[in-house]
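By convention in this document, chain letters (A, B, ...) are assigned in the order of the sequence lines, proteins followed by strands, and residues within each chain are numbered from 1.
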Number of protein chains: 2
Amino acid sequence: MQSYTEENYLKEIYHLSQNGQAVQTNAIAEKMQTKAASVTDMIKKLSEKDLVNYIRYQGVTLTRKGEQAAISIVRKHRLWEVFLVDKLQFKWDEVHDVAEELEHIKSNILIERLDAFLGHPKFDPHGDPIPDQHGKIAAFNFDQLSKLKIGDSGTLTGVTEHSSPFLKHLEKLGLTLGKKIVVQDVLEFDGSIELKLEERVLNLSKEVSNHLLVSLS
Amino acid sequence: MQSYTEENYLKEIYHLSQNGQAVQTNAIAEKMQTKAASVTDMIKKLSEKDLVNYIRYQGVTLTRKGEQAAISIVRKHRLWEVFLVDKLQFKWDEVHDVAEELEHIKSNILIERLDAFLGHPKFDPHGDPIPDQHGKIAAFNFDQLSKLKIGDSGTLTGVTEHSSPFLKHLEKLGLTLGKKIVVQDVLEFDGSIELKLEERVLNLSKEVSNHLLVSLS
DNA sequence: TATTATATTTAGACAAATCTAAAAATTAAA
DNA sequence: TTTAATTTTTAGATTTGTCTAAATATAATA
Ligand SMILES: [Mn+2]
Ligand SMILES: [Mn+2]
Ligand SMILES: [Mn+2]
Ligand SMILES: [Mn+2]
């Protein structure tokens, strides 16, 4: 078993590994809001436990064992987020911190029962896929809204930025998951995008549209 | 805020305080499965934080602040137990360890939403009262089954022993909360009690009946 | 009351996770 | 290819919660 802290490191390394390359000490330190020296200490410990591959000065990658552990935590995090939103009326910008704690509760039966209770959801409130009990993550093919061309249309299926101010902003604009949008214009000038959303026309900055995922229709 | 460990100490001191007297170091050590020296250390820390009144060699009592903190944890523990049983089909003998972890999740909004979601339950799956958000505990007046006389009848409303073997045993006998019983005989010899439960006649040892609570009818 | 037994506290150490400051390795720039 | 900048690691401390062993206080017994 891993400690609460080890689990947080594993999850963070997992998220930072998505590009395929070894993860740097400083990158972990920044995400974990700690110091590089502390990261080195923890990496050595995780390496000792065969959860990461570690070569001094070369960064870390997760072992299969480490990846499975990380995915299990991600699964729990996302299932608890669904619970908070679907059953306890939390807003999508309010769930993260609580899920950050709940993800560490150790009980397989609990998480499988919760999964069933929620109806085996495939995505969390931010559109992120929920790994199944074997660690399988459903393939999905979404595009950054900022990559679309004039005339393209689709459905908003995810966000890649989870901060409360950002999510509240989307909420206010009516840009919630499942909404249909049509690209009406893309401005050369600043890369901002103009789209139609339920009769209304919105203008989104490049910065915002970078963090929105859509499935084309 | 208190640490996970401090919260566990506070809760245990609270449970041991029910007789009104100061709680002894060794009593805490036994319940917490630790050593007296460790308890002394922690007591000093809790005293420093004004959560317990402590006089060397004289045991501890909770301050108002400490009692409120302890009751808050008990509230969370019992609400989570209700959730596990009512919503996730846990058996009453399976909930304790998981609730032991869940009780430490820090979020007031979470626990108030959970309370509402569960329909503001007054008792947990073992018949223990659930304190309200202000720390108030509903008065209740139950009797130990072992104190009843021949001819007395009532409803099973609680258990004072939460171990899984004990609860499984009751389950097998059909002795679950809400069941009506009538005392048919009390044996002088060993204090065992004979009672009628839905057409059947059961004989319970003094040991068992000591841990059952009934409300007389 | 003196002695013995029990309960509690201190002293000193240890493991986990963190930090600061300094040293070492790697990478980038001149 | 030296030098400079960046990244990473080590060394040594600190905090939290724990432990064992020894000392001290309280309670029970003779
Ligand atoms: Mn976490
Ligand atoms: Mn999420
Ligand atoms: Mn606990
Ligand atoms: Mn209970």
Side-chain angles (χ1 to χ4, degrees), chain A residues 1-14 16-17 19-62 66 69-70 73 100-101 103-104 106, chain B residues 1-17 19-62 66 69-70 73 100-101 103-106:
Chain A
M1 280 305 96
Q2 291 92 41
S3 71
Y4 184 109
T5 310
E6 288 168 344
E7 289 189 346
N8 282 336
Y9 271 92
L10 287 173
K11 193 183 58 164
E12 211 51 76
I13 294 168
Y14 174 78
L16 289 167
S17 296
N19 59 32
Q21 296 184 309
V23 179
Q24 305 202 113
T25 304
N26 269 349
I28 300 171
E30 194 182 345
K31 287 281 184 181
M32 301 287 298
Q33 313 226 70
T34 185
K35 298 299 151 72
S38 307
V39 173
T40 301
D41 289 343
M42 179 56 76
I43 281 172
K44 283 178 179 167
K45 195 171 148 199
L46 294 174
S47 173
E48 205 60 47
K49 291 188 174 187
D50 198 32
L51 293 162
V52 300
N53 306 114
Y54 171 55
I55 306 168
R56 268 170 48 251
Y57 292 98
Q58 302 296 121
V60 290
T61 57
L62 291 171
I73 300 155
E100 205 61 43
E101 291 187 57
E103 70 189 3
H104 302 288
K106 290 179 184 16
Chain B
M1 280 306 97
Q2 292 92 42
S3 72
Y4 183 107
T5 309
E6 289 167 344
E7 289 190 344
N8 281 336
Y9 271 92
L10 286 174
K11 192 183 58 163
E12 211 51 77
I13 294 168
Y14 174 77
H15 287 314
L16 289 167
S17 295
N19 58 33
Q21 296 184 309
V23 179
Q24 305 202 108
T25 304
N26 268 351
I28 300 170
E30 194 183 345
K31 287 281 183 181
M32 301 287 299
Q33 312 225 68
T34 187
K35 299 300 152 68
S38 307
V39 173
T40 301
D41 289 343
M42 179 56 76
I43 281 172
K44 283 179 180 165
K45 195 170 148 200
L46 294 175
S47 173
E48 205 60 44
K49 291 188 175 190
D50 198 31
L51 292 162
V52 300
N53 305 115
Y54 171 54
I55 306 168
R56 266 163 58 245
Y57 292 99
Q58 303 296 121
V60 289
T61 57
L62 292 171
I73 300 156
E100 204 60 44
E101 292 189 56
E103 70 189 3
H104 301 289
I105 304 293
K106 289 178 187 13

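Regarding B:Q33, its CD atom lies at a distance of 12 Å from the P atom of D:dT18, rounded to whole Å. Counting to the nearest Å, the C1' atom of D:dT16 and the CG atom of B:D41 are 10 Å from each other. For the pair A:I43 CD1 and C:dT18 C1', the computed distance is 15 Å after rounding to whole Å. Distance CD (B:E30) to P (C:dA7): 10 Å, rounded to an integer number of Å. Going from atom CG of A:N26 over to atom P of D:dT9 covers 9 Å, rounded to whole Å. At whole-Å resolution of the value, NZ in A:K44 and P in C:dT18 are 15 Å apart.
Annotation: ring-ring contact (aromatic ring centres under 6.0 Å, His included) contacts of B:Y57 (sequence neighbours excluded): none. B:E100 is linked by a side chain to side chain donor-acceptor pair (under 3.5 Å) to B:K11, B:H96, counting only residues two or more places apart in sequence or in another chain. For B:K44, there are no salt bridge (Lys or Arg N to Asp or Glu O under 4.0 Å) partners, not counting sequence neighbours. By the side chain to side chain donor-acceptor pair (under 3.5 Å) test, B:E12 is found to be paired with no residue, residues two or more places apart in sequence or in another chain being considered. Not counting sequence neighbours, A:S17 has no partner by the side chain to side chain donor-acceptor pair (under 3.5 Å) test.
Across all strands, A:Y9 comes closer than 4.0 Å only to sugar-phosphate atoms, never to a base (heavy-atom distances). Using a 4.0 Å heavy-atom distance criterion, A:T5 is classed as a sugar-phosphate-only contact. Among the protein residues, A:T25 comes within range of the sugar-phosphate backbone only, with heavy atoms under 4.0 Å from sugar or phosphate atoms but none that close to a base. In this structure, A:S38 reaches the bases: a heavy-atom distance under 4.0 Å links it to at least one base atom across the strands shown.
Of the candidate nucleotides D:dT20, C:dT18, D:dA11, C:dT18 has the atom nearest to the side chain of A:T34.
Within a heavy-atom distance below 4.0 Å of DNA chain C, the residues of residues 46-58 of chain B found are B:Y54, B:R56, B:Y57.
Between B:Q58 and B:A22 the shortest heavy-atom distance is O-CB, 3.6 Å.
Contact between the side-chain N/O atoms of B:Q24 and the OP1/OP2 oxygens of C:dT8 is found at a separation under 4.0 Å.
To the nearest 0.5 Å, atoms CG (A:L16) and CE (A:M32) are separated by 10.0 Å.
The nearest heavy atom of DNA chain C to B:G59 and to A:K35 marks one nucleotide each, and the one closer to the 5' end goes with B:G59.
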